[in-house]
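Since the structure comes first, as structure tokens, the remarks are kept for the end.
To find a chain, count down the sequence lines: A is the first, B the second, and so on, and within it residues start at 1.
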Amino acid sequence: MRLDEMRTHATSEVVDAVVIGTGAGGAPILARLAAAGLSVVALEAGSNSEPGDHTADELEAADIYWMDDRLSAGEMPEVFGSNNSGRGVGGAMLHWGAFCPRPDARDLALRSTTGAGVDWPLAHAELVPYLAEVERFLSVSGPATYPWDDTRSYALPPVARNAPAQAMARGCEAVGLTATDAPVGLVTRDVHQEHWGLRQACVNCGSCHQGCRNGSKASMDATYLPLAVAWGAEIRPDSMVTGMERDEHGRITAVVYRRDGVEHRQRCRAVFLCGGGVETPRLLLNLGLANSSGQVGRNYMAHVATQVWGRFEDEMRMNRGYPSSLITEDLLRPDGADFAGGYLVQSLGVQPVTLATSLARGGELWGDRLVDLLEDYTHLAGIGINGECLPHESNRLVLTDEVDAHGLRRARVDFGRGDNEDAIDAHAEATMREVWEAAGARDVFTIPRSAHTLGTCRMGPDADSAVVDADCRAFDVDNLWICDSSVFPSSLAANPALTIMALALRTADRFLAGTPRP
Amino acid sequence: MVLLHGLGCSARTWRHLVHELDDELDCVALDLPGHGEESGSDALTVAQMVETVLEQVAELLRVRRPRAWVLAGHSMGGKVATLVAAAAEAGRPGLTPPAALVLVASSPLGVEPMEESKRAQMIGWRADGELSEQDAAEFVDANTADALPADDRAEAVADVRRVSRTAWLAWLERGSLEDWSGTGPVRTSTLVVAGGADGDLGADAQRRLVLPAVAATEVVEVPGAAHLGMLEQPAALAELVRDHLHWTLPPPDLPPGLAALLASDRVSARTRRVLLRRLAPPRPHEQVLSDAQRATLVAVVARVLPQRATDVDLADRIEADLAAGVGDGWRFADLPDDVAAWRAGLDTLAGRPGGFAELDDDAQDAVLADVVAGQVGSANAGHLSTEQMTLWFEDVRAAVVRTWVSHPAAMARIGYDGFANGGDGARKQGYLRVGAGEREPWQTLPLEVLA
């Protein structure tokens with residue numbers, strides 16, 4: 001995005017706020033604060049780019065993924081890299097899947113309705129106006145009527161159904177499930193995005209996860225960040241935060257970062273830490289900050305993201321078109337379920353390296369069986385879920401003794417599934433197999449998988465059990481706010497990006513309102 | 001093979017060489033602007049000649065769809081050819097880089113060494129417009145070691161006289177003096193030929209001024225030739241070209257359909273550059289594995305991904321990535337760093353009773369199934385435990401499939417054309433048809449035959 005004419009600030013200037021990270025958490029906050037007239041500087045570890053700079057090549061697209069080594073352990077070690085967090089002006093939203101379901105009200109009250117997990121310390125109704133605002137601002141596309149929420153409407157018509165979506169529609173109908181076009185954070189018509197330019201209608205290229213090349217997808221660098229810059233915010237790319245300076249009251253007075261090998265410190269009145277579910281707790285743990293509760297790094301959650309695959313008689317060529325163009329929310333609270341929470345189902349088109357890696361890792365495939373499937377790439381299609389994950393004592397992020405190039409200790413993430421996740425996985429696998437077989441898939445098989453990084457700086461009612469309060473303000477540090485997937489008290493079945501953006505706007509509003517700490 | 005002649009020559013200057021190579025190569029000799037049949041052209045600067053050739057080559061590739069192409073340049077045409085190769089390597093739409101570059105008595109990218117008196121004399125020849133037959137003959141004779149056969153000499157003299165005055169002066173007064181040495185060096189494998197009896201552009205000048213700009217380590221001298229080697233010693237020159245192409249033409253795993261799609265404007269320059277780089281063998285890299293470890297790796301890779309119609313050197317590419325520290329953003333906490341883990345994993349396999357590489361396919365498969373089941377491992381120093389072997393073999397599978405699937409030959413094999421989902425135009429092409437059973441006319445992958 002264009003940064004050549006933005007307002008700049010001296011590091012000696014005490015700016016109203018420093019925002020760390022420019023993804024789904026940082027970008028809306030930056031825009032909101034700037035629009036309110038505050039002086040704000042965003043520090044982004046990655047580089048700046050234009051949409052046309054991205055490449056469809058899956059390996060080359062690593063330049064928008066967070067590729068610094070993380071260590072994975074546990075029963076189901078996490079696959080990072082091209083999965084989850086990103087790097088660059090726009091954060092992980094550069095490669096987000098643009099799948100845009102709203103969180104379900106029941107998911108925010110998991111504890112009170114099921115006895116498992118925890119409740120969110122804020123009401124779903126409080127989020128709804130923000131969700132709607134984000135959808136409007138991003139020009140989210142979707143169906144004319146949404147079967148599970150009759151109050152909702154989308155400004156633009158849905159994306160084209162690709163082959164996997166057609167199959168899922170067929171299969172769902174056959175087994176009596178309601179399915180419809182997915183809400184998607186991209187424009188299906190040319191749309192002029194204020195302060196950025198023309199977001200061209202999606203051309204079905206299928207490379208959302210490698211970076212959208214025509215501004216169709218609601219990446220932050222085509223939406224909230226240009227808005228922020230227009231209102232006077234400054235974005236400093238290639239700036240990795242390594243420290244924070246504090247006064248005698250514990251308030252942060254400056255953020256320390258490295259750019260081009262040189263250390264800088266930006267003086268500030270407040271800090272918004274929006275580095276994502278791994279980098280945010282990693283930085284706090286490295287700095288020994290905001291952790292009197294001992295909860296930083298704990299409650300690590302990753303959605304149950306089981307996939308079911310099969311071969312079809314027709315050519316599917318599933319890399320074409322928006323990858324997840326069909327959704328069903330029928331399984332959010334399935335009848336007779338033996339688990340808390342539920343799951344969303346989506347159709348899947350997956351690029352070949354990603355698919356092959358999943359087959360080789362989670363699918364444990366190799367040899368002729370693997371080659372048979374890969375050579376049948378044009379006939380494969382999948383269906384997958386995003387399901388509730390409860391927090392568990394043993395699932396957490398800690399620091400190792402290994403340090404990265406900046407001298408920060410690397411993160412180790414332990415992850416495994418509990419009984420509830422296993423039950424969701426089993427239910428989902430059975431359901432999806434039924435759908436896929438009804439759709440005409442043959443040679444159906446399952447790949448266990450998980451997705452997203454959540455919960456590592458939990459939001460909660462008190463300083464003993466949580467890192468931030470319901471306003472996303474750190475209990476321990478008066479002028480530190482945290483807003484990204486790390487503050488999620490429970491995982492929600494919905495993919496997190498829309499919720500993070502809504503939460504970000506709310507966080508900015510609470511900050512601006514100067515709401516006293518409860 | 002596209003051939004670019006030198007100053008005062010034309011497409012037909014190459015005809016003996018073309019005759020020698022005709023059986024093996026589809027040869028297209030071009031008239032450069034201001035020369036031969038193109039004497040009316042006014043695209044006479046170096047930049048304009050390069051642009052003209054780029055357009056002509058793109059059209060040739062589009063129409064003839066060769067599996068690879070080669071570029072040859074002589075003298076002035078050598079400078080143009082080198083710049084064309086550099087542009088093709090930089091990802092110019094419509095082009096794949098040439099598989100090889102052949103430079104015959106080439107002008108350097110920098111300032112051409114030429115005595116000022118000679119330059120003045122040649123400029124003087126065209127002072128009055130027309131070039132006299134006598135001056136043209138002096139030019140031809142000065143550029144040959146021995147007198148050419150009468151027919152060739154007459155034709156060569158006629159070609160010199162056909163050059164437009166502006167073209168003649170444009171090269172002598174400007175093109176030969178322009179310093180383009182900041183471009184390059186080109187990576188395309190290059191054959192650099194000098195006439196044993198050439199003057200200013202002889203072997204010494206080739207070594208000093210041409211070699212640094214190209215991918216070649218030596219200058220090959222052709223005895224019995226001065227500056228017009230293709231007319232003087234066509235058979236010897238053809239033999240050199242044949243020999244060079246034998247080593248440099250790509251293996252036939254880039255079928256014409258894929259080459260044309262890669263070259264098309266549906267592919268961005270960045271993506272094209274990446275895929276072309278991936279088609280080439282890995283760059284020379286540090287050997288992080290011992291010979292024994294490499295032998296085990298080759299055996300493991302062959303069992304993880306038995307290639308059927310492609311022949312991608314997976315083991316070498318994996319070792320190159322290990323040497324370069326190419327990671328995937330995470331690793332198992334229970335494994336050491338990548339290089340140590342791969343060494344130890346391979347040693348553990350090789351060190352088990354019966355070894356690994358020595359086993360037949362079925363026995364190797366059985367061992368790998370045992371690895372997955374947590375039944376292969378060792379407590380010896382430098383080896384991996386059973387639990388570690390299971391994790392390491394997961395990394396092995398991922399590395400092998402990633403390396404294979406990302407190779408253009410594999411993409412062609414499995415029918416993936418997503419790399420061609422949008423070029424660099426103001427509007428990206430994407431896909432018009434996304435439903436099951438629908439294909440757009442340009443979607444020709446997978447190819448039935450992969451040579």
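Ranking A:Gln200, A:Arg161, A:Glu78 against chain B, the residue ahead of the rest is A:Gln200, based on heavy-atom pairs under 4.5 Å. The candidate from A:Gly206, A:Pro77, A:Ala360 with the greatest count of non-hydrogen atom pairs under 4.5 Å with chain B is A:Ala360. Looking only at heavy-atom pairs under 4.5 Å with chain A, the residue among B:Ala398, B:Ser406, B:Pro306, B:Gly437 that has the most is B:Pro306. Interface remark: of the candidates B:Ser268, B:Gly435, B:Ala269, B:Gly418, B:Gly435 forms the most heavy-atom pairs closer than 4.5 Å to chain A. Chosen from A:Ala62, A:Gly74, A:Gly81, the residue pairing most often with chain B at heavy-atom distances under 4.5 Å is A:Gly81. Per-residue heavy-atom pair counts under 4.5 Å with chain B were compared for A:Gln351, A:Glu60, A:His379, and the maximum is reached by A:Glu60. Listed options B:Leu368, B:Val372, B:Leu305, B:Asp424 were ranked by heavy-atom pairs under 4.5 angstrom with chain A; first place goes to B:Leu368. Most heavy-atom pairs under 4.5 Å with chain B: of the set A:Glu364, A:Arg70, A:Arg361, A:Glu315, this distinction falls to A:Arg361. With chain B as partner, the option from A:Val79, A:Leu355, A:Leu359 having the largest number of non-hydrogen pairs under 4.5 angstrom is A:Val79. Note: B:Arg439 leads B:Arg433, B:Arg303, B:Arg439 in heavy-atom pairs under 4.5 Å with chain A. Between chain A and the options B:Tyr416, B:Phe332, B:Phe419, the largest number of non-hydrogen pairs under 4.5 Å is found for B:Tyr416.
Both the backbone and the side chain of B:Asp395 come within less than 4.5 Å of a heavy atom of chain A. In this structure, chain B has no heavy atom under 4.5 Å from any part of A:Tyr65. Looking at B:Val304, the atoms closer than 4.5 Å to chain A (heavy atoms on both sides) sit in the backbone and in the side chain alike. For A:Asp372, the parts sitting under 4.5 Å from any heavy atom of chain B are the backbone and the side chain alike. Heavy atoms closer than 4.5 Å to chain B are found in both the backbone and the side chain of A:Arg213. Contact of A:Leu380 with chain B is not made at all, since no heavy-atom distance falls under 4.5 Å. Only the backbone of B:Ala426 comes within contact range of chain A, with at least one heavy atom under 4.5 Å from a heavy atom of that chain. Only the side chain of A:Leu370 comes within less than 4.5 Å of a heavy atom in chain B; its backbone stays farther off. Interface remark: B:Arg278 contributes side-chain atoms only to the contact with chain A (heavy atom separation under 4.5 Å). For a residue to count as touching a neighbouring chain, one of its non-hydrogen atoms must lie under 4.5 Å from one of that chain's; by this rule B:Gln429 touches chain A with the backbone only.
What you find for A:Thr378 and B:Gly415 is that their closest heavy atoms are CG2-O, 3.6 Å. The heavy-atom pair separating A:Met67 from B:Gly327 by the smallest distance is CE-O, 3.7 Å. Listed here is the closest heavy atom pair of B:Val401 and A:Ala356: CG2-O, 3.6 Å. Counting all heavy atoms, side chain and backbone alike, B:Val405 lies closest to A:Val353 at CG1-N, 3.8 Å. Considering every non-hydrogen atom in both A:Asp63 and B:Arg270, the closest pair reads OD2-NH2, 2.9 Å. Residues A:Ala56 and B:Thr271 share a closest heavy-atom pair of N-OG1, 3.8 Å.
Taking SG of A:Cys202 as the reference point, atom NZ of B:Lys428 lies at 13.5 Å (rounded to 0.5 Å). Note that the CG atom of A:Asp376 and the CD1 atom of B:Ile414 stand 10.5 Å from one another [nearest 0.5 Å]. Here the straight-line distance linking atom CG of B:Leu275 with atom CG of A:Leu59 works out to 9.5 Å at 0.5 Å rounding.
Enclosure of atom CG in B:Asp360 by more than 12 non-hydrogen atoms of other residues, nucleotides or ligands within 6.0 angstrom is indicated. For B:Gln375, the CD atom sits in a packed shell: over 12 heavy atoms of surrounding residues, nucleotides or ligands are nearer than 6.0 Å. The number of heavy atoms from other shown groups lying within 6.0 Å of CD (A:Glu75) does not exceed 12.
Remark: B:Asp417 does not engage A:Arg320 in a salt bridge, criterion side-chain N to carboxylate O under 4.0 Å. A salt bridge links A:Glu402 and B:Arg331; the closest N-O separation between the charged side-chain nitrogens and carboxylate oxygens is under 4.0 Å. Ion pairing of A:Asp368 with B:Arg308 is present here, as a side-chain N (NZ or NE/NH1/NH2) and a carboxylate O approach within less than 4.0 Å.
Side-chain contact between B:Val396 and A:Trp366: absent, with no pair of heavy atoms (C-beta onward) separated by less than 4.5 Å.
Checking B:Asn421 against A:Ser207 by side-chain atom types alone, a donor-acceptor pair falls below 3.5 Å. Judged by distance alone, the side chains of A:Asn319 and B:Tyr431 do bring a donor and an acceptor atom under 3.5 Å apart.
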Worked check of side-chain contact (heavy atoms from CB on, under 4.5 Å) between A:Gln166 and B:Val434: CA-CA 10 Å; A:Gln166 292 172 336; B:Val434 298; over 6 Å; no
Stepwise side-chain contact (heavy atoms from CB on, under 4.5 Å) test for A:Val413 and B:Trp330: CA-CA 10 Å; A:Val413 174; B:Trp330 68 281; over 6 Å; no
Candidate pair A:Asp190 and B:Arg427, rule salt bridge (Lys or Arg N to Asp or Glu O under 4.0 Å), full reasoning: CA-CA 11 Å; A:Asp190 281 10; B:Arg427 292 274 168 173; 2.7 Å; yes
